[in-house]
Amino acid sequence: MPDVDENQGDNSDVDGDDSNVDGISAVAVDSQTNVSDYCSIDGKQVLIPTNGVNIVKYSDGTTKKVLVK
């Protein structure tokens, strides 16, 4: 049986003192995400989405697959 660390999942420092642990206080979010590109399923850039599966690239770097009927 493998050894299990008793502090696994614990949010404290390595020495057990959690008084100097920093966290993320705020995240900057761009409230407007614009479409930057449309691509066909084979990766070719298209001006507008075509029938079938299209890849939509957004200004924040995310991509989504969209089905157009």
Kindly work out whether a path of hydrophobic side-chain contacts (I/L/V/M/F/W/Y, heavy atoms less than 4.5 Å apart) joins L67 to V56.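 Cluster IDs for L67 and V56 differ.
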Is V35 reachable from V53 through a run of hydrophobic residues whose side-chain heavy atoms are each under 4.5 Å from the next?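 V53 does not cluster with V35.
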Which heavy atom of [X] sits nearest a heavy atom of [Y], and at what distance?
X	Y	answer
Y38	L47	CD1-O, 3.6 Å
V68	T50	CB-O, 3.3 Å
K69	N51	O-OD1, 3.5 Å

Is a side-chain N or O of T33 found less than 3.5 angstrom from the main chain of D60, in a donor-acceptor match?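 Absent.
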Nearest-0.5 Å distance that lies between atom CD1 in I55 and atom CG in D42: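 One finds 8.5 Å between CD1 of I55 and CG of D42.
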More than 12 non-hydrogen atoms from neighbouring residues, nucleotides or ligands closer than 6.0 Å to CD1 on I48, yes or no?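 No, the 6.0 Å shell around CD1 holds no more than 12 heavy atoms from other groups.
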